[in-house]
Amino acid sequence: MQKRVVFNNRLLPYLLLAPQIVVTMLFFFWPAGQAIYQSAFIPDPFGLSSQFVGWGNFEFLLSDPYYLASFKTTVVFSTLVTVTSMGAALWLAVMADRVIKGSSAYKTLLVWPYAVAPAVAGVLWLFMFNPNVGLVAWYLGAAGYDWNHVLNDGEAMGLVVAASSWRQISYNFLFFLAGLQAIPKSVIEAAAIDGASFARRFWTIVFPLLSPTTFFLLVVNIVYAFFETFGVIHTITAGGPQQATTILVYKVFSDGFVGQDLGSSAAQSVILLVLVGLLTVVQFRYIERKVHY
Amino acid sequence: MSGMVEKRGLGTWATHIGLLIGIAIICFPIYMAFVASTVTQPEIARPPMPLLPGSHFIENYTAALTQGINAPVWQMLLNSSIMAMGIAVGKIVISIISAYAIVYFRFPFRMMFFWLIFLTLMLPVEVRIVPTYEVVAGFGMLNSYTGLILPLVASATATFLFRQFFLTVPDELAEAARVDGAGPIRFFLDILLPMSRTNIAALFVILFIYGWNQYLWPLLITTKPEMNTIVMGIKQMFPSGDDIADWPVIMATTLMAMLPPVAVVVFMQRLFVKGLVESEK
């Protein structure tokens, strides 16, 4: 944690820490404190005074069918995004690990979507599936399938999942490829000499050895789907149709800024704070274990 | 490396074809956006749109850059550059000096400061949007570069990364510096900072992308079109109501919005991968 050799200076360390601590206090802890404080009040419609309600906002939220529906939507959405992007990435990584020639070219061609902002990914997919002008929507129509994600819940969910997963594949691919390349080849060769097929080798040797990477990516992808996909939702569906794609983060935004329901929005923020806290603890528990391997 | 294990031939071809199909699917949305940015609005409005690029590339990109729809795209590109650079440089500077304080000094409340920085990992902007907006509005920072940059510059990740790195630096260096009579600031500037070059560069790549791709925060605090960043400005280019969007200009803007971060990843791939792997430790 610290050096044996240290400098002695009374004031300097505080000066060095000051910028980070000031920003952290002003823009992290003060607003988080405000969220906790506001979650216990209901402001009157004119914002002049507010009434203390204790756990009232939370009790209301947890019995509010819209909020519970948003919870369910978030779970469905995150599961689909995690499974799709990790599955596709693992498939690509296994193939890229098998080729000898051109693997760095494949890597370059597969990593760049990471740099595409979620909101930009949203616009790209929206364009292909736009019910009026989208190319894919048109060909689906020509094939007899009437695509309209503006009206259809399932199609809207499918589209936001596709756009979110598309962007995350490259991240998962990089980590899976690194994990695959770290597996000693001698182990796999031994199994091959014993006559195990590729599929059998994969499921009995490679996949179990990859489990630390898989678990790490699982947490990262859930965090991504929960908190970083706002841009995708906002550009493609704006939470609709009705509330079919309103994930929790989108609901904090729409209730707080569009609906101006500050007490409820603050209570939702507090619930999300607890969720992030839990996910962070899981992530660090796991990383501690990895260090002691 | 399965070449050593299996016979070459059909299997290798299948693998290459599989990869190429995967890449084609991943690149397809970009290709369609590129085609759309080179044709005219009526060509898109009468589906199916063309599958090959048209001849209006220069026209559409010029229209986007100089006029845009709400604000010219050059203006939004400038705003995004300022924001991304400000966030990347700001995060690196304040993190490297706080990591230096935590590793190389002993002082009261050192661990408390460490945990305060650590806890910010649990407070992404998405979960504290309304109160953070109120704080920034209270400071009169709406529609300003300070408002875009300052609330996002605290960084637990970057602080940890530098802390990890400083811990691997041999103690003898600080010892030698002290014997030579160099103070802590000299030691930091002349020895530690040059040694951290690669780490700084790798982190810069990741943080530049992070800053460039911000969406929710600029959406909340920039209400004037001339302060919009390009990533959030695209959505504002869609007409409300039933008007048909100006897809060629929007798609030209979309491609320009992704070009800088994609170029950074492609041309600085080694630093990018290093930054990505290390910032997740």
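Small disclaimer: the values here were computed from a predicted structure and weren't measured. Each chain gets a letter, A, B and so on, in the order its sequence line appears, and its residues count up from 1.
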Legend entry - Portion of A/T108 that has a non-hydrogen atom of chain B nearer than 4.5 angstrom: both
Legend entry - Atom CD1 of B/I185: over 12 foreign heavy atoms under 6.0 Å: no
Legend entry - Gap separating the OG atom of B/S98 from the CG atom of A/L15, nearest 0.5 angstrom: 12.5 Å
Inset, instruction - Among A/A35, A/A117, A/A88, single out the residue with the greatest number of heavy-atom pairs under 4.5 Å to chain B. - result: A/A117
Legend entry - Winner by heavy-atom pair count (cut-off under 4.5 Å) against chain B, out of A/Y114, A/F27, A/F253: A/F27
Legend entry - Pick from A/A142, A/A119, A/G134 with the largest number of heavy-atom pairs that fall under 4.5 Å of chain B: A/A119
Legend entry - Engaged part of A/M95 at the chain B interface, taking heavy atoms whose separation is under 4.5 Å: both
Legend entry - Top of B/V231, B/L216, B/I250, B/V266 for chain A proximity - count of heavy-atom pairs under 4.5 angstrom: B/L216
Inset, instruction - With a 4.5 Å cut-off on heavy-atom pairs, point out which of B/L220, B/V153, B/I96, B/V136 contacts chain A the most. - result: B/L220
Legend entry - Heavy-atom proximity to chain A below 4.5 Å, by part of B/F267: neither
Legend entry - Proximal component of A/Q38, with respect to chain B [non-hydrogen, under 4.5 Å]: side chain
Legend entry - Toward chain A, the part of B/M251 with a non-hydrogen atom under 4.5 Å: side chain
Legend entry - side-chain contact (heavy atoms from CB on, under 4.5 Å) between A/V99 and B/H16, worked out: CA-CA 7 Å; A/V99 302; B/H16 280 286; 3.9 Å; yes
Inset, instruction - Measure the spacing between CD of B/Q269 and CH2 of A/W112 and express it to the nearest 0.5 Å. - result: 13.0 Å
Legend entry - Interchain contact, B/M237 with chain A, by part (heavy-atom threshold 4.5 Å): neither
Inset, instruction - Could you grab the distance from atom CG of B/L219 to atom CZ of A/F230, nearest 0.5 Å is fine? - result: 6.0 Å
Legend entry - Top contributor to chain A interface from B/Y215, B/Y100, B/F187 [non-hydrogen pairs under 4.5 Å]: B/Y215
Legend entry - Shortest non-hydrogen contact between B/K235 and A/H234, atoms and distance: NZ-O, 2.9 Å
Inset, instruction - Report the option among B/W212, B/W247, B/F272 that has the most heavy-atom pairs separated by less than 4.5 Å from atoms of chain A. - result: B/W247
Legend entry - Most contacts with chain A, counted as non-hydrogen pairs under 4.5 angstrom, among B/I209, B/V130, B/L51, B/V265: B/V130
Inset, instruction - Could you check whether the rings of A/Y14 and B/F107 sit parallel, tilted or perpendicular, using 30° and 60° as the cut-offs? - result: perpendicular
Inset, instruction - Go through the atoms of B/E134 and report whether side chain, backbone, both or neither lie under 4.5 Å from a heavy atom of chain A. - result: side chain
Legend entry - salt bridge (charged side-chain N to carboxylate O under 4.0 Å, His left out) against A/K251, all qualifying residues, sequence neighbours excluded: A/D255
Legend entry - Smallest separation among heavy atoms of A/L124 and B/A33, with atom names: CD2-CB, 3.5 Å
Legend entry - A/F28 versus B/P151, closest heavy-atom pair with distance: CE1-O, 3.8 Å
Inset, instruction - Output the distance between atom OH (B/Y210) and atom CD (A/E228), rounded to the nearest 0.5 Å. - result: 9.0 Å
Inset, instruction - Check whether any side-chain heavy atom of B/I234 lies under 4.5 Å from a side-chain heavy atom of A/T235, and answer yes or no. - result: no
Inset, instruction - Would you mind checking which part of B/L152 comes under 4.5 Å of any heavy atom in chain A, side chain (CB onward), backbone (N, CA, C, O), both or neither? - result: neither
Inset, instruction - List the steps, then state whether side-chain contact (heavy atoms from CB on, under 4.5 Å) holds for A/F127 with B/T254. - result: CA-CA 11 Å; A/F127 178 59; B/T254 306; over 6 Å; no
Legend entry - B/Y31 atom OH: more than 12 heavy-atom contacts under 6.0 Å: yes
Legend entry - Side chains of A/F257 and B/I129 in contact at under 4.5 Å (non-hydrogen atoms): yes
Inset, instruction - For atom NZ of A/K107, decide whether the heavy atoms of other residues, nucleotides or ligands shown that lie under 6.0 angstrom number more than 12. - result: no
Inset, instruction - Work out which heavy atom in B/S155 is nearest to a heavy atom in A/Q20; give both atom names and the distance. - result: N-OE1, 3.3 Å
Legend entry - Aromatic ring pairing A/F7/B/Y104, orientation class (parallel under 30°, perpendicular over 60°, tilted between): tilted
Inset, instruction - Count the heavy-atom pairs under 4.5 Å between each of B/L173, B/V169, B/V264, B/V273 and chain A, then report the option with the highest count. - result: B/V169
Legend entry - Nearest atoms (heavy-atom pairs only) where B/L19 meets A/L92: CD2-O, 3.7 Å
Inset, instruction - Go through the atoms of A/I169 and report whether side chain, backbone, both or neither lie under 4.5 Å from a heavy atom of chain B. - result: side chain
Inset, instruction - Please answer whether the main-chain N or O of A/P118 pairs with a side-chain N or O of B/N213 as donor and acceptor at a distance below 3.5 Å. - result: no
Legend entry - Portion of A/L17 that has a non-hydrogen atom of chain B nearer than 4.5 angstrom: both
Inset, instruction - Quick one: which of A/V249, A/L109, A/L135, A/N132 has the most heavy-atom pairs under 4.5 Å with chain B, could you say? - result: A/L135
Inset, instruction - Flag the pair B/F188 / A/L12 as yes when at least one side-chain heavy-atom distance between them is below 4.5 Å, and no otherwise. - result: no
Inset, instruction - Measure distances from B/P108 to the heavy atoms of chain A and classify the residue's part below 4.5 Å as side chain, backbone, both or neither. - result: both
Inset, instruction - Measure B/L255 against the heavy atoms of chain A and call it side chain, backbone, both or neither at under 4.5 Å. - result: neither
Inset, instruction - Pick one of side chain, backbone, both or neither for A/L174, based on which atoms fall under 4.5 Å of a heavy atom in chain B. - result: side chain
Legend entry - Leading residue by heavy atom contact count with chain B [cutoff under 4.5 Å; candidates A/V22, A/V123, A/V252]: A/V123
Inset, instruction - Determine the option with the most heavy-atom pairs under 4.5 angstrom with chain B, choosing from A/F29, A/Y139, A/W125. - result: A/F29
Legend entry - Interface moiety of B/A158 toward chain A, non-hydrogen atoms closer than 4.5 Å: neither
Legend entry - Euclidean distance, A/I21 CD1 relative to B/I94 CD1, rounded to 0.5 Å: 9.0 Å
Inset, instruction - For B/T132, enumerate each residue passing the side-chain hydrogen bond (donor to acceptor under 3.5 Å, both in side chains) test, keeping only those at least two apart in sequence or located in another chain. - result: B/R128
Legend entry - B/F166, part contacting chain A, at a heavy-atom distance under 4.5 Å: backbone
